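See structure below.
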Amino acid sequence: QVQVVESGGGLVQAGGSLRLSCAASGRTFSGYAMNWFRQGPGKEREFVAAISRSGGSTIYANSVKGRFTISRDNAKNTVYLQMNSLKLEDTAVYYCAATTFGLVLPKPDEYEYWGQGTQVTVSS
């Protein structure tokens, strides 16, 4: 069993930066690939970034590539999402998801564990 809790969201001006954290409970954190998703107002949940169990592999959505960086610290059971050059369209609730079945799964409901989300609002 793994519980994940996101933090670090808030209000930021366009062009600014935020770092999100996702803290996971349990001693098997290193056995899970970790993903970040987001869901904007009136939109479906969309993939943002993923990181492998060791942290050696990462994948990004085209919309955030070059601006966001995913990383993890297995000693702290935490995954991070550094978000730079934020845009208005990055406004969303950001969720952390964990899976043992691969790096990125075809559908959100295939992930084993989800956090409650943290709100990120980018203002002009």
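FYI, side chains are in, hydrogens and waters are out, and symmetry mates aren't considered; it's all heavy atoms of this structure. None of these values were measured; they are calculated from a predicted model.
Applying the side-chain hydrogen bond (donor to acceptor under 3.5 Å, both in side chains) definition to pairs two or more places apart or across chains, those involving residues 115-124 are Gln119-Thr121. Applying the ring pair (Phe, Tyr, Trp, His ring centres under 6.0 Å) test to residues at least two apart or on different chains, the pairs with a partner in residues 24-50 are Tyr32-Tyr113, Phe37-Phe47, Phe37-Tyr111, Phe37-Trp114.
Both Phe101 and Ile59 are part of a single hydrophobic cluster, where members link through side-chain heavy atoms under 4.5 Å apart. Criterion: ILVMFWY side-chain heavy atoms under 4.5 Å apart, direct or through other members. Under it, Val104 and Tyr94 are not part of a common hydrophobic cluster. By the criterion of side-chain heavy atoms lying less than 4.5 angstrom apart, applied directly or through intervening Ile, Leu, Val, Met, Phe, Trp or Tyr residues, Val79 is grouped together with Phe68 in one hydrophobic cluster. Both Ile70 and Leu20 sit in one connected hydrophobic cluster of ILVMFWY residues. Membership requires side-chain heavy atoms under 4.5 Å apart, directly or through other members.
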Side chain to side chain contact (heavy atoms under 4.5 Å, CB included) assessment of Asn77 paired with Arg72: CA-CA 8 Å; Asn77 283 12; Arg72 67 189 296 162; over 6 Å; no
Residue pair Ser17, Met83: steps toward the side chain to side chain contact (heavy atoms under 4.5 Å, CB included) verdict: CA-CA 5 Å; Ser17 298; Met83 306 186 295; over 6 Å; no
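Using a 4.5 Å heavy-atom cutoff, the side chains of Arg38 and Ser63 are in contact. You'll find the side chain of Val120 reaches within 4.5 Å of the side chain of Val122, heavy atoms only. Contact of the Asn84 side chain with the Gln82 side chain is registered, since non-hydrogen atoms from C-beta on lie closer than 4.5 Å.
As a member of the Ile/Leu/Val/Met/Phe/Trp/Tyr network built from side-chain separations under 4.5 Å, Val5 groups with nothing else and remains a singleton.
To the nearest 0.5 angstrom, Thr69 atom OG1 is 11.5 Å from Arg19 atom CZ. With rounding to the nearest 0.5 angstrom, the OH atom of Tyr60 is 7.0 Å from the CD1 atom of Ile51. Taking OG1 of Thr91 as the start and CG of Leu11 as the end, the distance is 8.5 Å to the nearest 0.5 Å.
Here the closest heavy-atom approach between residue Leu18 and residue Gly8 is recorded as CD2-O, 3.8 Å. Across Ser52 and Leu103, no two heavy atoms sit closer than the pair N-CD1, 3.4 Å. Taking every heavy atom of both residues into account, Val48 and Leu81 meet most closely at CG1-CD2, 4.2 Å. Of all non-hydrogen atoms in Leu86 and Arg67, the two that sit nearest each other are CA-NH1, 3.9 Å. Shown here for Asn35 and Ala50, the closest heavy-atom pair between the two residues is ND2-CB, 3.4 Å. Of all heavy-atom pairs spanning Ala33 and Gly102, the tightest one is CB-O, 3.2 Å.
Looking only at distances, a side-chain donor or acceptor of Glu6 sits under 3.5 Å from a matching main-chain atom of Cys96. A donor-acceptor contact shorter than 3.5 Å is absent between the side chain of Gln39 and the backbone of Glu46.
Remark: Arg45 is positioned above the aromatic ring of Tyr95, its terminal NZ or CZ atom under 6.0 angstrom from the ring centre and at most 45 degrees off the axis.
Side-chain atoms of Thr99 and Glu110 form no donor-acceptor pair, as typed in the model, at a separation below 3.5 Å.
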